[in-house]
**Q** 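Sharing a structure with you now.
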Amino acid sequence: MKVLVCVKRVPDTGGGFKLTSDGQRVDTTNMDFTISPHEECAVEEAIRIIEKHGGSSTVLTLGPEQAQEQLREALAKSVNGAILLEAPDYESWDPAATAQAIAEAAKPGGYDILLFGNECADACNYQVGLRVAHWLDIPCVTGIKALEIQGNKAIAKREVKDGWEVYEVSLPAAFTVKEGLNSPRHPSLRGIMGAKKIPIEKKKLNKREPQLVRKMLRKPQEGRGQIEILGQGVEAVPKVVAKLRELGVI
Amino acid sequence: MILAVLEQTKGTLPESSLEALTAARELAKISNDQAEVVLIGSQVKSLVSHLKGCAKALLVEDAKLDTYAPEAYAKIVAETIQKRSPRAVVAAGTDLGNDWMSRVAVRLDLGLATGCTEFKFEGANLRVIRFNWGGSLLEEAELRSNPKLITVQPHAIPNKPGEGAEPATETLSVALNEKDFRVQVKQVLASEKKGITLQDAKVVIGGGRGMGAGENFKMLEDLAGLLNGAVGGSRVATNNGWRPHSDQIGQTGQIIAPDLYIACGISGAIQHMVGCKASKKILVINKDSEAPIFQRADYGVVGDALQVIPALIAEVKKAKGL
C-alpha cells in the first residue's frame, strides 16, 4: 500500500490575529507554524494504514523552504518519505494551481490512497483534494470521519446531520478527512532525531494563472455591543433566570 | 442568467439552500437578469412552490439520484452550465454544496469561491467577500474565470421568500453511465444520538476546559433538558474525550446558530467563536473575568460554572414550577 498525505503550513494563531499593514496576510511575527487539525488526522491515518496493511507513506506540502518543519514533524511520527513542492509565494497559489502541481507530483508515485484535510485552516477553499482526484481520474470522498481498507476497496463514513453516509469506493482513491477521524499521536524523541536524517525530495513546478485572486484580508465587524455582566458566582443566578425569561427561553 | 444549484432531501429544502436561492435571486436582480434553479431527486416537483421569483426550474427526476451521487450530480450541473451559459452559479456552502461545486469547477476547469458572504459583478470579474479562518477573517477576492462559481456561507444571507409567479418547469435529461456512480452513498446509518441536534436546538449549552471532567457534563445535560436545548463542547472538551467529537462547536466541528448559546467554562479561542458567533445571544459563565469570550458575548456571569450551573438548575426548576 502506498499512501500520500498532503498538508499545508499555516500560522498557529492561538488567541487572535494581527494583519500586516497592507492587509495582504496574517502578521506572523513571533508566531509558530503548524498544520490544520483535519490534516493532523490525515497524517495519523496515513501512518495507521501503513502499520496495518504494510507499505509506505509520503507527506507532501506546497510551500516555502520553512515548510520542511511541518514535513519533519510528520516524518517524526513515522511517515516514511517527504516531498516539498517549492513555492515561496504559496499564499498566492489558488486551489486550481495548487491541485495541478500536487497532481503532477503525485502521478509518478503510483499511490493507492491520497489523504487531504477537508479544508485548510486559513483559506478554507474545500477543493484541492477533489481537484487532484479529478486530474488523477480517481474517486474522492470528502469530509470523512471513518476509513477502513478492505483489499482493493475502501469504506468511508461521512457524518451528516442525523447520522452517517457510508461510501464504498475502489482504490486508488482520494479522501479529504475531518478532525474526529482518529486521535493523532505525538512524535517520540527517537522519531524526532530519526526524522532529521531522512532526505526531503524537492521539486519546483510551474504555477498556472490563478482564477481566484486575493485582494485584501480584513477582520469582520463584531456585531455585539458591550457585554452586560449579570453578577458574580451563584449570586448572579436570579438575574440569569430573569434574562432567560426575557429571552423567552423559559 | 444566474443558476441556483440547490440541495434537497426527501422533498424538503434546508435553510442553507433557501439562503443560496435568496442570494441567487438578489444577484440576478442587481444585474437585471433572471434566476433559474436546478433540482435533483424523485420528489423535486413538489418544491417548485418554494421557487417564486425564479424564471425556470430545471428538474432531474430520478430515484437513483435520491441519495447523493457526487460525480453524477456534478456532471448534471456541468452539462447544464454548458447548455444554458449562466453568468454565475450559486450553491450553499455546506459540506455537500462545497463538495458538489468543487467537482463542477474542476470538470469545467473553473475557479470556485467557497464560503461567500457578499458578491457583486465588477466588469468581467466577480468581487466576493469570503470566509477565511472559518470566519475569523474575511477575504476580499476576485473570481476571474467565467461563469462565476460560488457557494454561500450558511447563516450569512438571511432567507427571504421570493415574490411573483412560480417558475416554469423543464425536465433535464443527462446521460449517466456507471462511472458517474463510482462514488455514491451505499448506506445511511441513523445517528445513535437521541434528542434535539445542535443544528436544530434553539438553546445550545457548550462546555469547555472549565468543566474539568466528562462527568460534569451531566449538569449541562440536565440544564439542556429544562431549556429544551442541546449540549456541545469546545475542542478541549472533545479532545479530552469529555464529549464525542461530533459535538464539537468550532472551526473544525459544527457551526451553530441558536437563539441562545450558553458557554460554560470556555475561554473563547477564535476557533471556537467562529462556530458560535451566528448565535443570536451569547451568555458566558466563566470564572476568569479576563477570558477573551467576555469580549464577544452579550451577557456574562463571572463565576465557576461547576457552582453556578447547579444553582441555576434549581432556580429554573422553581421558575417552571417543577
Side-chain angles (χ1 to χ4, degrees), chain A residues 13-17 36-38 94-96 121-127 130-131 134 139-143 159 161-169 178-180 211-220 222 224 227-234 236-238 240-241 243-245 247 249-250, chain B residues 95 98-99 102-103 105-107 110-115 131-145 182-191 197 199 203 227 245-246 252 259-260 269-270 281 292 294 296-304 307-308 311-312 315-316 319-320:
Chain A
T13 54
F17 288 99
S36 96
H38 296 323
D94 78 346
D122 55 352
C124 301
N125 280 307
Y126 294 90
Q127 49 192 284
L130 275 167
R131 285 182 187 265
H134 180 87
C140 180
V141 186
T142 62
E159 192 168 30
K161 192 180 148 203
D162 43 14
W164 296 85
E165 289 176 349
V166 184
Y167 290 83
E168 183 185 305
V169 291
K178 277 195 176 184
E179 191 180 25
Q211 299 161 321
L212 181 67
V213 181
R214 171 181 293 173
K215 292 290 162 188
M216 186 82 91
L217 283 177
R218 60 177 160 86
K219 291 190 178 181
E222 295 293 344
R224 292 173 209 281
I227 187 169
E228 181 185 343
I229 298 293
L230 302 175
Q232 311 278 326
V234 293
V237 166
V240 175
V241 173
K243 191 55 78 179
L244 295 178
R245 274 224 168 92
L247 295 171
V249 172
I250 49 174
Chain B
D95 280 347
N98 287 331
D99 177 292
S102 296
R103 292 176 197 264
V106 69
R107 272 171 185 263
L110 295 173
L112 163 67
T114 53
F131 268 29
N132 264 212
W133 291 96
S136 298
L137 290 179
L138 294 175
E139 178 188 45
E140 196 177 319
E142 209 170 73
L143 194 51
R144 293 187 174 162
S145 49
R182 67 179 174 173
V183 183
Q184 193 179 16
V185 180
K186 291 278 169 198
Q187 198 187 352
V188 178
L189 304 173
S191 172
T197 69
Q199 296 299 319
V203 179
L227 304 178
H245 184 272
S246 53
T252 53
D259 290 344
L260 176 65
I270 49 169
K281 296 288 178 194
F294 281 103
R296 296 175 173 132
D298 301 283
Y299 314 109
V301 174
V302 181
D304 185 346
Q307 289 165 11
V308 176
L312 181 58
E315 204 67 20
V316 169
K320 296 183 81 163

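Heavy atoms only: backbone and side chains are in, while hydrogens, waters and symmetry mates are out. Lettering of chains follows the sequences in order, A, B, ..., and the numbering in each one begins at 1.
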**Q** Please find the pair of heavy atoms, one from A:L247 and one from B:K281, that lie closest to each other, and give the distance.
**A** CD2-CG, 4.0 Å
**Q** What residues, two or more places apart in sequence or in another chain, satisfy side-chain hydrogen bond (donor to acceptor under 3.5 Å, both in side chains) together with A:H134?
**A**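 Residues passing side-chain hydrogen bond (donor to acceptor under 3.5 Å, both in side chains) with A:H134: none at all.
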**Q** How long is the span from the CD atom in A:E159 to the CG atom in B:D95, to the nearest 0.5 Å?
**A** 10.0 Å
**Q** As an exercise, state the distance from OH of B:Y299 to NZ of A:K243, rounded to the nearest 0.5 Å.
**A**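 If we round to the nearest 0.5 Å, B:Y299:OH and A:K243:NZ are 4.5 Å apart.
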**Q** Check the pair B:E140 / A:L217 against side chain to side chain contact (heavy atoms under 4.5 Å, CB included), numbers first and verdict last.
**A** CA-CA 6 Å; B:E140 196 177 319; A:L217 283 177; over 6 Å; no
**Q** Give the member of A:A123, A:G163, A:A121 that has the highest number of heavy-atom pairs under 4.5 Å with chain B.
**A** A:A121
**Q** Between B:F294 and A:I229, is the side chain to side chain contact (heavy atoms under 4.5 Å, CB included) condition met? List the steps.
**A** CA-CA 9 Å; B:F294 281 103; A:I229 298 293; 4.0 Å; yes
**Q** Are side-chain heavy atoms of A:L130 and B:V106 found at a separation under 4.5 Å?
**A** no
**Q** Examine whether an atom of A:P220 lies under 4.5 Å from a heavy atom of chain B, and if so say whether it belongs to the side chain, the backbone or both; otherwise answer neither.
**A**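 When you check distances to chain B, atoms from both the backbone and side chain of A:P220 fall under 4.5 Å.
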**Q** Side chain to side chain contact (heavy atoms under 4.5 Å, CB included) for B:R144 and A:V213? Distances and angles first, verdict last.
**A** CA-CA 8 Å; B:R144 293 187 174 162; A:V213 181; 3.5 Å; yes
**Q** Using a 4.5 angstrom heavy-atom cutoff, name the option from B:R182, B:E315, B:Q187 with the most pairs to chain A.
**A**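 Looking at each option in turn, the highest pair count goes to B:R182.
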**Q** Using a 4.5 Å cut-off on heavy atoms from C-beta on, say whether the side chain of B:W133 contacts that of A:T13.
**A**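 Result yes, sub-4.5 Å side-chain heavy-atom pair found.
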**Q** Can you name the side-chain contact (heavy atoms from CB on, under 4.5 Å) partners of A:Q211, sequence neighbours left out?
**A** A:D94, A:A96, A:R131, A:R208, B:D109, B:S145
**Q** Pick whichever of B:G303, B:G300, B:G111 has the most heavy-atom pairs under 4.5 Å with chain A.
**A** B:G300
**Q** Who wins among B:A311, B:A319, B:A297 for the most heavy-atom pairs under 4.5 Å with chain A?
**A** B:A297
**Q** What residue, out of B:D304, B:V301, B:V302, has the most heavy-atom pairs lying under 4.5 Å from chain A?
**A** B:V302
**Q** Give the C-alpha distance, both sets of side-chain angles, the deciding distance and a yes or no for side chain to side chain contact (heavy atoms under 4.5 Å, CB included) between A:V237 and B:V308.
**A** CA-CA 7 Å; A:V237 166; B:V308 176; 4.1 Å; yes
**Q** When only pairs under 4.5 Å are counted, which of A:G143, A:P139, A:A236 shares the most heavy-atom pairs with chain B?
**A**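 Top count of heavy-atom pairs under 4.5 Å with chain B: A:P139.
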**Q** Which one, A:K161, A:E165, A:R218, leads in non-hydrogen pairs under 4.5 Å with chain B?
**A**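 Ranked by heavy-atom pairs under 4.5 Å with chain B, first place is A:R218.
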**Q** Under 4.5 Å from any heavy atom of chain A, what part of B:K186 do you find: side chain, backbone, both or neither?
**A**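 Looking at B:K186, backbone and side chain both touch chain A.
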**Q** Could you walk me through whether A:T142 and B:D99 pass the side-chain hydrogen bond (donor to acceptor under 3.5 Å, both in side chains) test, one step at a time?
**A** CA-CA 7 Å; A:T142 62; B:D99 177 292; 2.5 Å; yes
**Q** When you check the gap from the basic side-chain N to the acidic O, do B:E139 and A:R214 get nearer than 4.0 Å?
**A** yes
**Q** Measure distances from B:V203 to the heavy atoms of chain A and classify the residue's part below 4.5 Å as side chain, backbone, both or neither.
**A**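 For B:V203, side-chain heavy atoms alone lie under 4.5 Å from chain A.
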**Q** Using the side-chain contact (heavy atoms from CB on, under 4.5 Å) rule, pick out the option among A:L244, A:V249, A:V240 that qualifies with B:V316.
**A** A:L244
**Q** Give, as side chain, backbone, both or neither, the part of B:Q184 having an atom under 4.5 angstrom from any heavy atom of chain A.
**A** backbone
**Q** Below 4.5 Å, heavy atoms only, C-beta onward: do B:S136 and A:F17 meet side chain to side chain?
**A** yes
**Q** Contact between B:L227 and A:I250 at the side-chain level, heavy atoms closer than 4.5 Å - yes or no?
**A**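 SC-SC contact between B:L227 and A:I250 confirmed.
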**Q** Are the side chains of B:L312 and A:V241 in contact, using a 4.5 Å heavy-atom criterion?
**A** yes
**Q** Can you measure from CD1 (A:I227) to CG (B:D298) and round to the nearest 0.5 angstrom?
**A**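 A:I227 atom CD1 to B:D298 atom CG measures 7.5 Å (nearest 0.5 Å).
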**Q** What is the minimum heavy-atom distance between A:L212 and B:A141, and which atoms define it?
**A** CD1-CB, 4.1 Å
**Q** Below 4.5 Å from any heavy atom of chain A, which atoms of B:L143 appear? Answer side chain, backbone, both or neither.
**A**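 It is both, since atoms from each part get that close.
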**Q** Do A:Q127 side-chain atoms and B:L112 backbone N/O form a donor-acceptor pair below 3.5 Å?
**A**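 A pair under 3.5 Å: yes.
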**Q** For A:E179 and B:T252, which I'm curious about, is there any donor-acceptor pair between the side chains at under 3.5 Å?
**A** yes
**Q** For the interface with chain A, which of B:D259, B:T114, B:L189 has the highest count of heavy-atom pairs at distances below 4.5 Å?
**A** B:L189
**Q** Out of B:V183, B:L260, B:T197, B:V188, return the one with the most heavy atom pairs under 4.5 angstrom to chain A.
**A** B:V183
